[in-house]
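Remarks on the structure that follows.
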Amino acid sequence: MIYTITLNPAIDQLLFVKEDVQKRKTNRIVKTSWDCGGKGLHVSGVLSQFGVPNEALGFIGSQNKEQLYRILAEKRISHDFLMEDGVATRTSFVIISETSSGSIMMPEAGFHVSMANKQAMLAQIREKVTPNDMVVIAGSPPPGFTLADFEVLLKTLQHTGCFVGCDVSGDFLQLAAKRGVDFIKPNEDEIKALLADETADLEVAIRRLAKQIRYLVVSLGKDGSYCAHDGKLYRITAPQVAEKSDTGAGDCFVGAFIAGLAKQLPLSEVLKRATGCSASKVMHADSSTFSLVEAEILQEQVEIKEMSIDVI
Ligand code: TA6
């Protein structure tokens, strides 16, 4: 089984405007719609689209639970959330211009999680997770969820012997890297920060960090990615597509990557698929839509160069 953990889920409110938002102008909204938000939920959505059994875990608020459940049912995402009473799952506003590419994302902070629910999550993990499972923690933590809380969570997961993937940032990423989790996906700046060396050559930085992480992916946005695994370094070039919204593209990559590993595909195939899926996502305006058919066509345009990791 694959579990995704979204510590701070969101409901994305998509605000479509005609042109780019400008100050001192009435920026009229021409259309609004809703999507699930929070990186782990997107990972779950992708896994479901690939037919890979998964369950979304995390903390949600009682006040707008029906709305979130409706969106998750549409995306065929099964879940077992812990609920905080009297608060709402945060909204993440995403502004999408109909005439230009890219999106603006403005997430709310979210609610404080009670000690009882933090403990309940640890109990849930001890009860559900087995050594054959994969667990992906993705997205920002809610206010008051400390680094110490995250360390206990990681320790609890690693104690089960399962595969642990983390798509997190800042101090949480530092900690995940230090604890040698199985998968992380920093960007170029983050990997240099991880090594406390802003001037490090990117490939040198990857080679150094790869010693402690089984699957290390470094995302380079529209320029593709690097992946280091098992003594090999891969440079992946992404297909160029007409961008509508990049929101959720990284999550789509993670979901497809984990789906590929779960299906035990060769790594080059996993990387091609994940890159094709995230390129397809970029062509869609909302936060989670991508097409398996589009992704299959796009993955044929993905180029992978393989290098030995031991050069440096
Ligand atoms: O990556 C896209 C997304 O998951 C959005 O759907 C949005 O809700 C946001 O990211 C939340 O990001 P955060 O880092 O705060 O968890």
Side-chain angles (χ1 to χ4, degrees), residues 4-16 32-49 54 56-61 64 67-68 70-72 74-75 77 79 81 87-96 101-113 136-145 147 149-150 153 165-176 184-187 189-190 217 219 221-222 225 243-258 274 277-290:
T4 63
I5 300 183
T6 312
L7 297 170
N8 198 6
I11 296 175
D12 284 5
Q13 183 167 11
L14 313 180
L15 307 172
F16 291 86
T32 62
S33 65
W34 303 90
D35 199 346
C36 64
K39 302 190 177 348
L41 295 187
H42 292 317
V43 172
S44 266
V46 177
L47 290 169
S48 296
Q49 223 169 308
N54 72 94
L57 309 177
F59 307 111
I60 63 161
N64 52 356
Q67 187 189 7
L68 182 61
R70 251 195 322 273
I71 298 170
L72 294 174
E74 277 166 24
K75 310 255 167 211
I77 297 175
H79 48 84
F81 294 125
V87 289
T89 296
R90 67 184 169 143
T91 301
S92 184
F93 299 93
V94 184
I95 304 175
I96 302 149
S101 58
S103 55
I104 299 173
M105 197 167 71
M106 297 187 300
E108 287 182 336
F111 56 82
H112 276 81
V113 177
V136 180
I137 309 175
S140 66
F145 193 92
L147 202 54
D149 292 329
F150 189 56
L153 178 59
C166 288
D167 187 10
V168 293
S169 52
D171 291 346
F172 285 63
L173 176 60
Q174 283 276 359
L175 184 61
I184 56 173
K185 187 183 72 68
N187 61 30
D189 292 336
E190 285 171 332
V217 172
S219 59
K222 61 179 173 16
S225 59
E243 177 184 346
K244 282 219 174 117
S245 168
D246 55 341
T247 295
D251 310 334
C252 194
F253 182 100
V254 176
F257 187 90
I258 298 293
C277 287
S278 66
S280 164
K281 160 64 218 46
V282 166
M283 294 164 67
H284 295 267
D286 66 13
S287 309
S288 60
T289 299
F290 76 101

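Order of listing sets the numbers, starting from 1, for every ligand and every atom in it.
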Exercise. Which atoms of ligand 1 sit under 4.0 Å from any heavy atom of Ala10?
Worked result: 8 (O)

Problem set entry | Interfacing atoms of ligand 1 (cut-off 4.0 Å, heavy-atom, Gly37) | 6 (O), 8 (O)

Exercise. Within the side chain of Glu108, is there an N or O that forms a donor-acceptor pair under 3.5 Å with the backbone of Thr91?
Worked result: yes

Seminar exercise, completed: For Gly139, the ligand 1 atoms with a heavy-atom partner under 4.0 Å come out as 16 (O)

For this session: Please check if any side-chain donor atom of Asn187 sits under 3.5 Å from a side-chain acceptor atom of Ser219, or the reverse.
Result: no

Exercise. Going by distance alone, is a donor N or O of one side chain under 3.5 Å from an acceptor N or O of the other, for Lys281 and Thr289?
Worked result: no

Problem set entry | Protein contact of atom 10 (O) of ligand 1 - nearest heavy atom, named by residue and atom, plus distance | Lys39 NZ, 2.9 Å

Exercise. Which atoms from ligand 1 have a heavy atom of Gly38 less than 4.0 Å away?
Worked result: 4 (O), 6 (O), 7 (C), 8 (O)

Exercise. Ser225: what forms a side-chain hydrogen bond (donor to acceptor under 3.5 Å, both in side chains) with it, not counting sequence neighbours?
Worked result: none

For this session: Report, in ascending order of atom number, the atoms of ligand 1 lying under 4.0 Å from any heavy atom of Gly248.
Result: 1 (O), 2 (C)

For this session: Report the residue from Glu74, Lys75, Gln13 that forms a side chain to side chain contact (heavy atoms under 4.5 Å, CB included) with Asp35.
Result: Lys75

Exercise. What protein heavy atom is closest to atom 5 (C) of ligand 1, reported as residue, atom name and distance in Å?
Worked result: Asp12 OD2, 3.3 Å

Cut-off 3.5 Å, no hydrogens considered: what does the side-chain donor-acceptor table look like for residues 246-256, sequence neighbours left out?
unit_1: Asp246; atom_1: OD1; unit_2: Ser103; atom_2: OG; d: 3.2
unit_1: Thr247; atom_1: OG1; unit_2: Ser103; atom_2: OG; d: 2.7

For this session: Measure the distance from atom 2 (C) of ligand 1 to every protein heavy atom, then report the residue, atom name and distance (to 0.1 Å) of the closest one.
Result: Asp251 OD2, 3.3 Å

Seminar exercise, completed: Residues Asn54 and Ser44: closest non-hydrogen pair is OD1-OG, 2.8 Å

Problem set entry | ligand 1-proximal atoms of Ser140, by part, heavy-atom distance under 4.0 Å | both

Exercise. Which one of His42, Arg90, Glu108 has a non-hydrogen atom at the shortest distance from atom 11 (C) of ligand 1?
Worked result: Arg90

